[in-house]
Every structure is written in structure tokens, then in C-alpha cells.
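Here's the structure we're looking at; comments come further down.
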There are 2 protein chains.
Amino acid sequence: MNTPNLTKNQALVLDVLSRSEQPMSAYTILDKLRDNGFRAPLQVYRALEKLLDFGLVHRLESLNSFVACSHKHESCCQHHGTVAFAICEKCGQVSEFHDHAIDDRLRGWAQQKGFKAEKTTIELRGLCSACMG
Amino acid sequence: MNTPNLTKNQALVLDVLSRSEQPMSAYTILDKLRDNGFRAPLQVYRALEKLLDFGLVHRLESLNSFVACSHKHESCCQHHGTVAFAICEKCGQVSEFHDHAIDDRLRGWAQQKGFKAEKTTIELRGLCSACMG
DNA sequence: CAATCTATGTAATAACATAACACGACCATT
DNA sequence: AATGGTCGTGTTATGTTATTACATAGATTG
Ligand SMILES: [Zn+2]
Ligand SMILES: [Zn+2]
Ligand SMILES: [Zn+2]
Ligand SMILES: [Zn+2]
């Protein structure tokens, strides 16, 4: 999916997410954008839907929250395939990474089972190095 | 975690989940158990919490739903480490599997980054072989 | 018995997400 | 210019998922 020009609301939502150190729920984003005229959850959800399509934002399923993609300038490949997330329970920091070996294993399983995967979620919850005692 | 005797409510919830072909939300479980005296969501959530602890039930994060564990009698290992799920969008069927190579890769990444993973979620959404055109 | 722990019941509320309808901007075709 | 279509938007209401707070009852134990 290529990334066309963003609309006003999309740009606002992406901006808020990009500045955040932590994942944000749709309602947290809404609160941050009240001063910009946001009044209702749908304004956030509609923007998020597009940003997810464009690959500019990821949804963390285990958190019902969203993060800006941090994969952009990586050397190994252009458009990421499956992305994995490590989420610190304490400080909330999210590390986005991908691993082609894991992709391969999952693809192999799917092929063998005749399963056609449209979307893959990989999320680690735990403690980041900075937060470990 | 060893599995002690289940309480009445835990047994009811596990029974409903075990009979289901598909994952169930807490509220769907609640509806199924109205005739057994269930009146409030908390009765379900409390039972689920314990069943998750015991490893008898898994939560599907991308669905906000729950399935009974189907990993019990597998040959390769006793207690599963990380479990992955393939979820058919059409028929709802869930296949639970695990892959030690994936575990190893994730463990390797975590070790390298100093991340201590407490819980890992792997979910594939797509179409099962029976549902593909 | 008193203290404590666990399971339970109930009501209220919080948090997350979508449906339905309306309106205006934009653009292509006529 | 008028028509129709798509898209983004605004607003209200509603649906779905999960938790907080408080109360009760039974089992356990010192
Ligand atoms: Zn890559
Ligand atoms: Zn941390
Ligand atoms: Zn195994
Ligand atoms: Zn299917």
C-alpha cells in the first residue's frame, strides 16, 4: 500500500502517536486532540483505520492500543512483512522488530496446513532491559 | 502451574468453552450459562482468570475471545511454552500449535535485547483450508 | 471462637468500538 | 452549469468488552 497525502485528521492522529513514547488507546488520542476540534471516537477510529492501511501505524492487539510504525528506515527490507512487538509492562516502551526466520516458519506452517494468513500478530509482553531490577 | 480441582463456575465455563467449535467472548459464555445461574460478567471473567492461570484456556487477543486449550495430549512436550493460533475469519475455527524454532528465535531476540518476556502472543488471522475458494 | 482466605453474587461504571445519518468538498461526466 | 459519485467529516446513539466496589457465605486455621 502506498502512502498518499494524509488528510487533516489523519495527520493529527499520526502526529500525536509519533510524539508519544508509549502506545495510545483511541480514547487517549481523542483526549489529546480535543483542542484540535476532535469531539468523537469515530474521528480517531476513522483516521486510525487509514493509517493502519497505509502501514504508518500498528495496532497492539494485546493492549487495544496503537503505535506509530518505527520500521521505516531499516536496511534489510523496504516494506516489512510481519512485525513483532516487545512491550514493557512497566514503562510502556514498545520495540518493533521483525525476523525473517520467524516469518519463514509461520509461512511454512501455513502452507503445510493450507491456511492463508492475512494478518499476523506477534507481541511479547514483559520487562525491557531498563526496567529489569 | 498445576491444575487443582475446579470450582463450580470454573468447571461450567471450561465445559462451555470445550464444547464450542469456535472461540467465545466472555459475554457469549455468560449467555450460555444463564440457565446455570450466571447473571453477571464478573462470574465469567473470574472463572476465566483462573482457567488462564491453569493453562486450560487461552485468550485470543486479536478477538477478545477465549478458547479451551487443545494442546493437552501432544507428544513433543508436556507443558507448552509459547502457543500460536491460526484463526479462520470465515468459519471461526482455531488451530493451536507451537513451534520451537519460533520460540528459539524470539528467545534469542529477547536475550540479545535484555527483554524479559512474560507472555507471548502469536496469532494468524486468515482463511483455513476448508474455507478457501 | 476469631481471623483469614477463597469463592461467589450483584450493581454500577469504565473502556473500547461501531452503526446510522447528515453534510459539504472534490472531481469526473454530461 | 448541472449531475452524480466518492471521500472525508461531524454528530448522536448504541453496542461490546472489562473492571471497580461492596456484600455475603463457606472453608481453614491458630
Ligand atoms: Zn525487514
Ligand atoms: Zn521498560
Ligand atoms: Zn511442544
Ligand atoms: Zn474456515
Side-chain angles (χ1 to χ4, degrees), chain A residues 1-17 20 22-54 56-67 87 89 92 119 121 123 125, chain B residues 1-17 20 22-54 56-67 87 89 92 119 121 123 125:
Chain A
M1 174 97 26
N2 53 357
T3 87
N5 292 333
L6 299 181
T7 67
K8 175 166 152 284
N9 284 3
Q10 290 160 17
L12 285 167
V13 167
L14 181 58
D15 183 63
V16 164
L17 271 180
S20 172
Q22 304 183 356
M24 300 176 82
S25 75
Y27 280 75
T28 303
I29 296 169
L30 175 58
D31 286 339
K32 292 278 184 197
L33 290 176
R34 297 245 181 234
D35 293 344
N36 295 275
F38 276 50
R39 314 292 308 275
L42 255 193
Q43 294 174 281
V44 177
Y45 281 109
R46 289 202 274 230
L48 284 172
E49 183 182 4
K50 295 295 184 180
L51 293 170
L52 289 167
D53 284 348
F54 301 154
L56 297 174
V57 162
H58 298 295
R59 176 184 167 86
L60 301 178
E61 300 289 352
S62 67
L63 246 41
N64 294 328
S65 293
F66 304 84
V67 286
I87 303 160
E89 305 276 359
K119 170 91 168 58
T121 298
E123 296 177 16
R125 305 280 298 270
Chain B
M1 174 96 27
N2 52 357
T3 88
N5 291 333
L6 298 182
T7 67
K8 174 164 153 285
N9 285 4
Q10 289 161 18
L12 285 167
V13 168
L14 180 58
D15 184 62
V16 165
L17 271 180
S20 174
Q22 304 183 356
M24 302 177 80
S25 76
Y27 281 76
T28 304
I29 295 169
L30 175 57
D31 286 340
K32 293 279 183 194
L33 290 176
R34 297 243 181 236
D35 293 344
N36 295 273
F38 276 50
R39 314 293 307 273
L42 210 56
Q43 294 173 283
V44 177
Y45 281 109
R46 287 202 276 230
L48 285 172
E49 182 182 4
K50 295 295 185 178
L51 294 169
L52 289 166
D53 284 347
F54 301 154
L56 298 174
V57 163
H58 298 294
R59 177 184 168 85
L60 301 178
E61 300 290 352
S62 68
L63 246 41
N64 294 327
S65 293
F66 304 85
V67 286
I87 303 161
E89 304 277 359
K119 171 87 169 59
T121 298
E123 295 176 17
R125 304 280 297 270

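Each chain gets a letter, A, B and so on, in the order its sequence line appears, and its residues count up from 1.
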Side-chain polar contacts of residues 34-41 of chain B - donor-acceptor pairs under 3.5 angstrom, sequence neighbours left out - could you list them?
residue, atom, partner, partner atom, Å
B/R34, NE, B/D31, OD1, 3.4
B/R34, NH1, B/R39, O, 3.4
B/R34, NH2, B/D31, OD1, 3.4

Shortest non-hydrogen contact between A/L63 and A/P23, atoms and distance: CD2-CG, 3.8 Å
Heavy-atom closest contact (A/A26 atom, A/V44 atom, distance): O-CG1, 3.6 Å
State which residues pass salt bridge (charged side-chain N to carboxylate O under 4.0 Å, His left out) with [X]; sequence neighbours excluded, sorted by chain then number.
X: A/E61; answer: A/R59
X: B/R46; answer: none
X: B/E89; answer: B/R125

Main-chain N/O of A/G92 paired to A/Q22 side chain as donor or acceptor, under 3.5 Å: no
Partner of B/L33 by side chain to side chain contact (heavy atoms under 4.5 Å, CB included), out of B/D15, B/V13, B/T28, B/N9: B/V13
Rounded to the nearest 0.5 Å, how far does [atom2] of [Y] lie from [atom1] of [X]?
X: A/L51; Y: A/L6; atom1: CG; atom2: CG; answer: 6.0 Å
X: A/F66; Y: A/L14; atom1: CZ; atom2: CG; answer: 13.5 Å
X: A/H58; Y: A/T121; atom1: NE2; atom2: OG1; answer: 11.0 Å
X: A/D53; Y: A/L48; atom1: CG; atom2: CG; answer: 11.0 Å

Selection: residues 22-30 of chain A, any non-hydrogen atom under 4.0 Å of DNA chain D: none
Outermost DNA chain D nucleotides near chain B [under 4.0 Å, heavy atoms]: D/dT17 to D/dA21
Contact nearer the 5' end of DNA chain C, comparing B/K8 with B/P41: B/K8
5'-most by nearest nucleotide on DNA chain C - B/N9 or B/N64: B/N9
For DNA chain D, stems built from three or more consecutive Watson-Crick or G-U wobble pairs below 3.5 Å: C:1-30 with D:1-30
Opening and closing nucleotides of DNA chain C in contact with chain B, under 4.0 Å to non-hydrogen atoms: C/dA7 to C/dT10
With B/Q43 via side-chain hydrogen bond (donor to acceptor under 3.5 Å, both in side chains) - residues at least two apart: none
Residue whose nearest DNA chain D nucleotide is more 5′ - B/S65 or B/R46: B/S65
